[in-house]
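A short write-up of the structure that comes next.
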Amino acid sequence: MKKLVVVFTLLFVSISALQLFGAEKSAALMPYPAQVTFTSDRFVLNENFSVEIHGTPDARLYPAVTRMMYRFVGRTGLFLNTDFLSLKTPAENAPLTITVDRPGKVVLNEDESYRLDITGQHIFLKAVTDLGALHGLETLLQVLDSDSSGYFFKGCSIIDAPKFPWRGLMLDVSRHFLPMDVIKRNIDGMAAVKLNILHLHLSEDQGFRVECKTFPKLHELGSDGLYYTQVQIKEILAYANARGIRVIPEFDLPSHCTSWFVGYPELASQPGPYTIERHWGVFNPTIDPTKETTYAFLDAFFKEMSQLFTDEYFHIGGDENTGKQWDDNPSIQKFKRDNKIADNHALQDYFINRVSKIFTKYNKKIVGWEEVMRQSSSTGTIVQTWREDKVLEDAVHKGYRVIVSKGYYIDLMYSAENHYSNLVIPNDLKLTEAEKKNILGAETTMWAEFVTPENIDSRIWPRTAAIAERFWSSEKVNDVRSMYARLETISFQFEELGLTHKKNAEMMLRRLTNNTDVTALRNFVAVIEPLKEYNRFDKGKDFASYSPYTRVMDVATADAPAARIFQTLVNDFSVSKKTDSKMLDSMQSYLQLWKTNHASLVRTIRVSPILKEIESLSADLSTVSEIGLQAVDAIRTKKKLDAMWVVVSARMLQKAKEQRGQCELMVVAPIEQLLAIARQQ
Ligand code: ACM
C-alpha cells in the first residue's frame with residue numbers, strides 16, 4: 001500500500017500553523033513533540049477500542065488509562081465494549097498496546113520520553129517509564145480527530161522527550177486560599193501539558209496554610225481556618241504522584257511570614273502582637289535569625305514537614321527581606337557586630353546557611369528565590385530567578401543549579417505571546433553548553449493577590465499551556481500564530497478536566513449583568529485587558545483579602561480575544577498590498593459591532609451599577625470604532641482624510657488609552673495603525 005507521508009519537521013510548523021489558524025481545530029499538539037511524522041493512515045476509534053499493558057509500569061498507569069478512556073467516551077459518545085483496565089486484565093489483542101520498561105520514580109531527572117506510533121490497525125505506545133507513558137496518553141488524547149465518518153486518530157509516528165527536566169507551576173495558596181478541588185483540577189491541567197512540578201507557596205504574611213502538629217498555633221491562628229489538613233496534603237501528593245507530578249512545598253522565610261507570628265510572636269525580630277496581614281505588598285515582619293530558639297523551632301517544624309512532604313526538595317523562599325525589623329532591633333545589630341556580619345544581606349546568608357543545615361539533617365535539598373544566592377555556592381541549592389537575566393548567568397557561574405521564573409509571572413497579566421517568546425535560556429547569555437545544563441528548567445508563578453478560586457483558572461489557563469511548550473519543546477517551536485491556534489483547542493479540551501476558565505467567565509458575566517443579556521458585556525470584555533504588572537495597586541483602591549474580585553477586570557483575560565484577532569488582521573493588511581477587500585470587510589464588521597455595542601451595554605449598566613466604572617471606556621470603544629470605520633472607508637475609496645478630523649481623532653484615540661475600572665482597551669493601537677495607513681495613501 002502506498003502511503004502519502006507528510007513529514008512535519010520543525011521548519012514546517014509555521015505552515016501547519018497557517019492551516020490551523022482560525023479554521024481547522026484538529027491535532028493541536030501542545031507541547032509540540034520533538035519529532036512528529038504524520039501519515040495518511042487512520043485508526044478508527046469505535047466501541048472495540050481497548051488497551052493492554054506490557055512490561056512493568058508503576059500501578060499509576062492503570063487508572064491513568066481509565067481516565068483517558070473516560071475522556072474518549074465523553075468526547076465521542078461511544079459505548080466501549082470494555083471494562084476498566086486493571087492489573088488483572090489479560091493482555092490480548094487490544095488495539096492500543098502500551099509497553100513500559102520499568103516503574104517511574106517521580107523525582108528530578110527521571111526518564112519521561114515516549115514513542116507513539118499509530119497505524120491503520122494498531123496504536124503502540126512505548127516508554128522507558130510509566131511517566132513517559134502518561135505523557136504519551138496525553139498526546140494520544142490530542143491526536144483524536146473526527147469527520148463526518150466518525151472519530152479517528154491520524155496515523156503518525158511521534159518520538160518525544162522534554163527539553164527541561166523541571167517544568168513547574170507555582171500556586172500561591174496563601175494570599176487567597178485555594179480549596180482542594182482547585183488544586184486537583186489544576187494538577188490535571190498540568191498533566192495534560194506535561195508539566196511535572198507543582199510548587200505550593202504555603203505560607204505568607206496573609207496566611208499559613210498547612211496543619212502543623214508540633215506548633216498548632218501556626219494554622220490555628222495564622223489561617224482564618226483556611227488550611228490543608230495533613231490528610232489533605234497527603235491526598236494532594238498522591239493525586240499529583242498519580243499524574244507524574246512532584247510537589248515542592250515552600251515555606252517562605254525569613255520574611256513574608258507575618259502569619260507565623262500571630263501564634264508565635266517570639267520568632268519575630270520585633271515584639272508583637274501580630275495579626276494576619278490583610279493587604280498586599282512587601283511587609284517588614286521578619287524572623288529573628290540571631291536567637292538559638294528560632295533554629296530549635298525551625299528544626300522541629302521542618303522535621304515534621306520533611307516527613308509530610310516526600311519530595312527530595314524543599315523551597316525556603318528567601319525573597320524580599322526589607323531588613324527593617326533587623327535594623328530597628330539593637331540586639332540584632334549587636335549580634336552582627338559581635339559576629340562580624342557586615343550587613344543584612346550577610347545576616348540573611350547566615351540564616352539561610354543555618355536553615356540549610358537543618359534540611360541536610362532531614363535529607364532534603366533546598367530551593368530558594370534568587371536572594372538566597374551567595375558569593376560562593378552552597379552545594380545542592382537550586383536558585384529560582386525572578387528579576388534579572390543577569391542573576392541567571394551569575395548563579396550558573398557560581399555553580400548553582402537554576403530554575404527560571406523571570407518572564408513567567410502569569411499574575412502580571414501579559415499575553416501568552418509575551419511569555420511564549422521568553423526563552424528559558426536567553427540567547428545572549430554567556431554560558432557554555434555544559435553550564436547551560438545547570439539550568440534545570442522553569443516555573444510559571446501564579447501569585448494570588450488578585451485571584452480567587454472563581455477566576456484563578458482563567459489566569460493560569462490557557463496561557464500556561466503555551467508556557468509549558470516553552471519548557472518542553474525545542475526553542476525552534478516558536479510560531480506565535482500556531483501557538484494561539486493550538487492554544488484555542490487545548491483550552492477547550494481543558495474543560496473536560498473540570499477547569500473553569502471558560503465557564504466561570506460566563507457565570508461572572510451573568511452576575512455582572514445582574515442576570516440580564518450578557519452579549520454586550522461579552523463583546524466589550526473581548527477587547528479589554530486588565531492592567532498589567534502591579535499597576536492595579538496604584539489606581540485608587542487599597543486592595544485587601546476581602547476586596548471584591550468580581551469586577552469587569554476580574555473576568556477580562558490577558559489575551560483579549562477579539563482585539564488579538566483584529567490586531568492580526570491589521571498587521572496582515574499593513575504588510576499586504578492594502579487592497580484586499582475581504583480583509584477590509586472583516587475589519588469593518590468588527591468595527592461596526594463595537595461601534596454599536598455601547599448603546600446595548602448602557603442599558604445593562606442601568607440595571608447593574610457594578611458596571612458603571614467601565615461606562616466611559618465602553619463609550620470610547622464606540623468612538624474609536626467610528627474612527628476605524630472612517631479609516632477603512634478612506635482606504636477602500638482612496639479618499640483623502642480631512643486634516644482637522646485626523647487631529648481630533650488622534651486626540652480621541654489618545655484618551656481611549658486611559659485605563660478605566662483598571663481595564664485597558666486593546667483595539668486602540670490597531671485602529672491607530674489603520675488611521676496611519678489611511679493617511680499615507
Ligand atoms: C517573588 O516574586 N517575591 C519571588
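In listed order, ligands and their atoms are each counted from 1. Throughout, residue positions are numbered sequentially from 1 according to the sequence presented.
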Not counting sequence neighbours, which residues clear salt bridge (Lys or Arg N to Asp or Glu O under 4.0 Å) with E454? List them please.
R511
Using salt bridge (Lys or Arg N to Asp or Glu O under 4.0 Å) as the criterion, point out the one residue from R175, R536, R459 that pairs with E449.
R175
Under 3.5 Å: N or O atoms of ligand 1 paired with protein N or O:
{"residue": "ligand 1", "atom": "2 (O)", "partner": "Y409", "partner atom": "OH", "Å": "2.5"}
{"residue": "ligand 1", "atom": "3 (N)", "partner": "D319", "partner atom": "OD2", "Å": "2.6"}
{"residue": "ligand 1", "atom": "3 (N)", "partner": "E320", "partner atom": "OE1", "Å": "3.1"}

Cationic tip of R486 above Y484 ring, under 6.0 Å, 45° of axis:
no
For E435, salt bridge (Lys or Arg N to Asp or Glu O under 4.0 Å) partners two or more places apart:
none
Set of salt bridge (Lys or Arg N to Asp or Glu O under 4.0 Å) partners for K184, sequence neighbours left out:
E235
side-chain hydrogen bond (donor to acceptor under 3.5 Å, both in side chains) between E211 and Q232, intermediate numbers included
CA-CA 9 Å; E211 177 189 17; Q232 286 176 318; over 6 Å; no
